[in-house]
Amino acid sequence: MRLVLVGPPGAGKGTQAEFIAERFSIPKISTGDIFRANVSGGTELGKLAKSFMDAGDLVPDEVTIAMVRDRLGEPDAATGFLLDGFPRNVPQAYELDSILGDLGAVLDVVLELEVDSEEVVRRLSGRRTCRGCGKIWHVEFDPTSKDNICDRCGSELFQRDDDKAETIANRLVEYAEKTAPLVDFYGAQGKLVGIDATGPVEDVTVRAIDALRSYGG
Ligand code: AP5
Ligand code: MG
């Protein structure tokens with residue numbers, strides 16, 4: 001299955017991507033995670049991306065598209081993948097079609113996670129991420145048993161630099177202006193499936209897997 005997850009910041013894309021990728025045995029490819037790994041590693045790409053990410057703006061298309069083209073050309077993505085955070089505007093969606101065309105493949109489905117903006121602000125302001133394994137937690141909705149320590153691997157948790165109130169506000173504006181048009185774009189192609197992404201994480205996972213079952217395994 002070749003799948004794109006779309007939804008506003010804090011919709012739960014990263015949270016659900018883990019479960020969906022495991023269930024359908026496909027690699028999870030998150031452009032946000034790749035940028036953050038580059039920022040931590042101090043690479044040139046990380047230095048370039050950081051200023052855009054800290055402002056809540058999109059990283060320029062040419063950089064992002066080249067990165068995704070490389071990643072989708074890797075062997076583990078040959079028979080399927082889950083893209084989390086790409087495409088994020090209509091030009092990127094056209095580029096994805098072109099990348100897949102070059103690989104002799106087509107996108108199967110786009111899963112939209114639907115949540116309102118009050119809920120995303122609540123989710124983002126309490127989000128914590130594990131420095132070791134990357135697992136996503138929430139201080140209120142999905143807390144660890146010990147403060148700031150990951151239950152899965154024992155590493156320390158951190159708060160993302162872009163989860164500050166003013167950056168969150170700009171990320172939501174960017175989403176509404178640039179990413180939300182993808183809903184109509186993929187809807188017109190008959191590739192869009194939307195699910196209610198509110199309620200407990202496990203319930204959202206069940207809805208997601210049900211919605212995707214007919215596309216692969
Ligand atoms: P990215 O990392 O993709 O961030 P985002 O789209 O803003 O989305 P988030 O990761 O913030 O939210 P999420 O939907 O993954 O939610 P999560 O599962 O963590 O991008 C970051 C930046 O990188 C961008 O701003 C941009 O600068 C750059 N970038 C990335 N891709 C790009 C591209 N293609 N082009 C250009 N630039 C790009 O959940 C959030 C919280 O809610 C967690 O704490 C979680 O525990 C909790 N939670 C999840 N589900 C539930 C639930 N059901 N109930 C209660 N709490 C829940
Ligand atoms: Mg995410």
Side-chain angles (χ1 to χ4, degrees), residues 4-20 28-39 45-46 48-69 71-72 82-93 95-96 99 111-130 134-144 150-151 157-164 167-180 182 195-208:
V4 162
L5 283 191
V6 69
K13 300 182 296 297
T15 302
Q16 296 302 331
E18 285 256 335
F19 300 116
I20 297 169
K28 176 194 87 153
I29 301 173
S30 158
T31 43
D33 286 353
I34 301 174
F35 284 135
R36 280 184 288 279
N38 276 277
V39 171
L45 175 63
L48 187 149
K50 186 170 175 19
S51 56
F52 294 97
M53 295 173 82
D54 286 352
D57 292 334
L58 295 189
V59 177
D61 281 352
E62 61 273 22
V63 175
T64 309
I65 290 161
M67 185 176 91
V68 171
R69 183 179 281 280
R71 181 62 187 87
L72 290 180
L82 179 163
L83 275 171
D84 158 15
F86 185 95
R88 233 180 168 94
N89 57 27
V90 172
Q92 291 185 7
E95 287 295 335
L96 177 61
I99 294 168
L111 183 71
E112 183 194 6
L113 301 183
E114 299 166 352
V115 276
D116 63 42
S117 45
E118 273 171 39
E119 176 69 10
V120 303
V121 171
R122 267 199 298 275
R123 288 185 184 183
L124 292 176
S125 41
R127 170 166 57 194
R128 299 291 183 273
T129 308
C130 174
K135 172 135 178 65
I136 301 164
W137 299 94
H138 192 283
V139 290
E140 189 186 339
F141 306 133
D142 192 8
T144 50
C150 179
D151 282 359
L157 307 186
F158 71 97
Q159 185 165 21
R160 268 171 49 176
D161 286 342
D162 59 350
D163 281 347
K164 295 189 221 77
T167 313
I168 291 174
N170 191 45
R171 285 161 62 203
L172 289 169
V173 170
E174 286 276 278
Y175 180 80
E177 284 178 1
K178 296 177 181 160
T179 312
L182 291 178
I195 59 162
D196 173 11
T198 56
V201 170
E202 318 71 83
D203 293 2
V204 179
T205 307
V206 169
R207 278 177 225 138

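Residue numbers run from 1 in the order of the sequence given. Order of listing sets the numbers, starting from 1, for every ligand and every atom in it.
- Comparing heavy-atom distances from atom 34 (N) of ligand 1 across Pro60, Pro87, Gly85 singles out Gly85 as nearest.
- Using a 4.0 Å cutoff on heavy atoms, Gly10 counts as a contact of ligand 1.
- Under the 3.5 Å distance criterion, the side-chain polar atoms of Lys13 are left unmatched by any main-chain donor or acceptor of Gly85.
- Nearest-residue assignment for atom 46 (O) of ligand 1 (options Trp137, Phe86, Tyr175; heavy-atom criterion): Trp137.
- Atom 18 (O) of ligand 1 has as its closest protein heavy atom Thr15 OG1, 2.6 Å.
- Of the listed residues (Arg88, Lys50, Met53), the one carrying the non-hydrogen atom nearest atom 3 (O) of ligand 1 is Arg88.
- Among Asp161, Asp162, Asp54, Asp57, the one residue that satisfies the salt bridge (Lys or Arg N to Asp or Glu O under 4.0 Å) test with Arg171 is Asp162.
- Only backbone heavy atoms of Pro8 (N, CA, C or O) come within less than 4.0 Å of ligand 1; its side chain stays farther off.
- Under a 4.0 angstrom heavy-atom cut-off, Arg36 registers as being in contact with ligand 1.
- Counting heavy atoms under 4.0 Å from ligand 1, residue Asp57 touches it through the backbone alone.
- Contact annotation: for Arg171 versus ligand 1, heavy atoms closer than 4.0 Å belong to the side chain alone.
- Heavy atoms of Glu174 found under 4.0 angstrom from ligand 1: none, in either backbone or side chain.
- The residue from Arg160, Gln16, Lys13 that puts a heavy atom closest to atom 4 (O) of ligand 1 is Arg160.
- Looking at Arg127 next to ligand 1, an N or O pair under 3.5 Å apart turns up.
- Residue contact check for ligand 1: Ala49 places no non-hydrogen atom closer than 4.0 Å to it.
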